[in-house]
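In this text, all values refer to a predicted model and were calculated from it rather than measured experimentally.
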Number of protein chains: 2
Amino acid sequence: MARTVFEKCDAITRVAEVFRELGFEGASLYEITERTGLSKGSLYHFFPEGKEGMAQEILADVDQWFVREVFEPLERDEACVAITRMWQAIDSYFRSGRRICLFGAFALDETRDRFAKPIRLYFKRWIEALDGALVRAGVDAVTARSLAEDIVGGIQGSLTLARALKGDAVFSRTLARLQRRVDDALSPKRKSPSYASTRNSLKEDCDRESGASGRRDRGE
Amino acid sequence: MARTVFEKCDAITRVAEVFRELGFEGASLYEITERTGLSKGSLYHFFPEGKEGMAQEILADVDQWFVREVFEPLERDEACVAITRMWQAIDSYFRSGRRICLFGAFALDETRDRFAKPIRLYFKRWIEALDGALVRAGVDAVTARSLAEDIVGGIQGSLTLARALKGDAVFSRTLARLQRRVDDALSPKRKSPSYASTRNSLKEDCDRESGASGRRDRGE
DNA sequence: TCCAATATATACCATTTGGTCTATAGCCGC
DNA sequence: GCGGCTATAGACCAAATGGTATATATTGGA
């Protein structure tokens, strides 16, 4: 019987991926052991609090990543640099729309009450950090707040659409659109409608019949 | 033993509400019987296919509602009238953000594969119908498509945010913002940044500490 | 090299799960 | 008012669930 040794951080990312695929309720311990390769023994060694503990640690881990890669830069660094960095970080984190947001997913299903606080804090901090950066970049207060909310919400919505339409082009298009909207807010001279020129064959997603419905690629 | 007689359509709306609250996996038959008042016998009388059958019929029912109240008007009626009607229908359907979208929720969790087709068709039709109406209203093709996607995705995202932040103001603000964006696309003269003047105290949602975390009001 | 500490694998357990079956309450046509 | 039929209630069941206990393999330090 081959014994594989795991690092806890590795366990966290693996289990996180299962939660992303199946949701909290849908991720049975059987599925988790099966998909991660970790036995129950290992899982309960790393997460003595069981499934709920896994979810908590995973959310904390994701949050930490966002704090480091997105929130703190937005709060601390030069605004435009931080915002540019955000677009890159988001696109890479969500794998161009193939990955969903655990906080968003948990917000919708039954788990929302159990993890309400971290979920709320995550979105609150994101919106506020972005808001602050926009203001520092010269956007007026009211517009900044609204734009920040628009962006964070828009990203979540596009992740839903990407999953629903089974295509990730919608995610890239949305990021591009939101990015343009920020640019427009920063240089209010030329007023393109902030749409148009998002040229990734818009019908692509909707028109595919069902695609590869088998195992979903899990990024890396 | 009091025996209550139910109509099937009543059963559908009740069970739908439970799925909205708990998600597909989270809605155990126990919770369903408890919250709807329908016994297992009644449930399996109405839905011989069990939970999966319930979900299918419920999705079909929701879809039907949207077809009647939103999609067909968008496809058929005078564009501006239909779009105005859409904002009202959406706001009332989602109870100003207190209710989530079953299609969106199912798209994210494990159930997505099981109900992939209706989910995809729902979003596809919504986007295309809105796209078409915008074009008929005089918006150029590329902008219309992008705007339609923006709106449908934005609504989904704001529902996630509303749940996450435990406040529905974000939903109303988003609807107002999207509505303004359509208005701007229709009358490209005055170019307000399509933000600003969304005056519902933007910090409201984020700042509350935890609020009434007990049973969520279930609309009517 | 040996031993203690630790991490893994898996058998096992009580509970809950979705689903079925039986009994019966209430409604309908007559 | 009566009898058959339908819809409801709830006991019941096998399977799956989250969680625990035990046995064992591996590691690192003395």
Side-chain angles (χ1 to χ4, degrees), chain A residues 1-59 61 102 105-106 109-115, chain B residues 1-59 61 102 105-106 109-115:
Chain A
M1 51 194 73
R3 243 177 70 113
T4 325
V5 181
F6 296 97
E7 309 262 357
K8 176 155 185 180
C9 63
D10 189 31
I12 287 181
T13 61
R14 285 174 185 234
V15 178
E17 218 50 47
V18 181
F19 279 145
R20 261 186 276 263
E21 284 301 311
L22 306 180
F24 183 78
E25 302 290 338
S28 66
L29 287 195
Y30 172 78
E31 285 293 337
I32 295 174
T33 59
E34 203 68 4
R35 295 181 181 222
T36 61
L38 282 89
S39 67
K40 270 192 183 185
S42 297
L43 286 171
Y44 276 83
H45 167 67
F46 288 131
F47 310 100
E49 305 295 310
K51 250 182 97 171
E52 183 141 349
M54 296 176 205
Q56 257 155 11
E57 294 217 44
I58 286 167
L59 288 181
D61 184 68
L102 267 184
F106 281 16
D109 79 31
E110 188 223 355
T111 52
R112 101 189 74 93
D113 287 330
R114 260 184 280 202
F115 308 113
Chain B
M1 49 193 71
R3 246 178 70 113
T4 324
V5 181
F6 296 96
E7 308 261 358
K8 177 157 186 180
C9 64
D10 190 30
I12 287 181
T13 61
R14 286 175 188 233
V15 177
E17 218 50 48
V18 180
F19 279 145
R20 262 187 276 263
E21 285 300 311
L22 305 179
F24 183 79
E25 301 290 338
S28 66
L29 287 196
Y30 173 77
E31 285 293 339
I32 294 175
T33 58
E34 204 67 8
R35 294 180 184 224
T36 60
L38 282 88
S39 69
K40 271 191 180 185
S42 297
L43 286 171
Y44 276 81
H45 167 66
F46 288 130
F47 310 102
E49 304 295 310
K51 249 183 97 171
E52 183 141 349
M54 295 177 208
Q56 257 156 9
E57 294 217 42
I58 285 167
L59 288 181
D61 184 67
L102 266 184
F106 281 16
D109 78 32
E110 189 223 356
T111 52
R112 102 188 73 92
D113 287 329
R114 259 184 281 200
F115 308 112

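Listed candidates were C:dT8, C:dG18, D:dG18. Nearest to the side chain of A:Ser28 is D:dG18. Relative to the side chain of B:Tyr30, the nucleotides C:dG18, D:dT17, C:dT17 differ in distance, and C:dT17 lies closest. The side chain of A:Ser42 lies closest to C:dT8 when the candidates are D:dG18, C:dG18, C:dT8.
When the P atom of C:dT15 is taken as reference, atom NZ of A:Lys51 falls 19 Å away, rounded to whole Å. In this entry the distance linking CG of A:Leu43 with P of D:dA21 reads 17 Å, nearest Å. Atom P of nucleotide C:dT20 and atom CZ of B:Phe46 are separated by 17 Å, given to the nearest angstrom. If you take NE2 of A:His45 and P of D:dA25, they are 18 Å apart, rounded to a whole angstrom. As a whole-Å value, the separation of B:Phe24 CZ from C:dT17 P is 14 Å. Counting to the nearest Å, the P atom of C:dT15 and the CG atom of A:Leu29 are 17 Å from each other. Rounded to an integer number of Å, the gap from B:Glu34 CD to C:dG18 C1' is 17 Å. In this structure, the CG atom of A:Asp10 is 11 Å from the P atom of C:dT8, given to the nearest Å.
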If you look only at distance, which donor and acceptor atoms sit under 3.5 Å apart when one is on a side chain in residues 48-57 of chain A and the other is two or more places apart or in another chain?
from: A:Lys51; atom 1: NZ; to: A:Phe24; atom 2: O; distance (Å): 2.8
from: A:Lys51; atom 1: NZ; to: A:Ala27; atom 2: O; distance (Å): 3.0
from: A:Glu52; atom 1: OE1; to: A:Arg114; atom 2: NH1; distance (Å): 3.2
from: A:Glu57; atom 1: OE1; to: A:Lys8; atom 2: NZ; distance (Å): 3.1
from: A:Glu57; atom 1: OE2; to: A:Lys8; atom 2: NZ; distance (Å): 2.9

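A salt bridge does not link B:Glu17 with B:Arg14: every distance from a Lys NZ or Arg NE/NH1/NH2 to an Asp or Glu carboxylate oxygen is 4.0 Å or more.
Considering CZ of A:Phe46 and SG of A:Cys9, their distance stands at 8.5 Å, rounded to 0.5 Å. Interatomic distance, A:Ile32 CD1 to A:Leu38 CG, rounded to the nearest 0.5 Å: 10.0 Å.
The side chain to side chain donor-acceptor pair (under 3.5 Å) check on A:Ser28 picks up nothing, with sequence neighbours excluded.
An OP1 or OP2 oxygen of C:dT8 is reached within less than 4.0 angstrom by no side-chain nitrogen or oxygen of A:Ser39.
Within 4.0 Å (heavy atoms only), B:Tyr44 reaches at least one base atom of the nucleic acid. Nucleic acid contact for A:Ala11: none, since no nucleic acid atom lies under 4.0 Å from a heavy atom of the residue.
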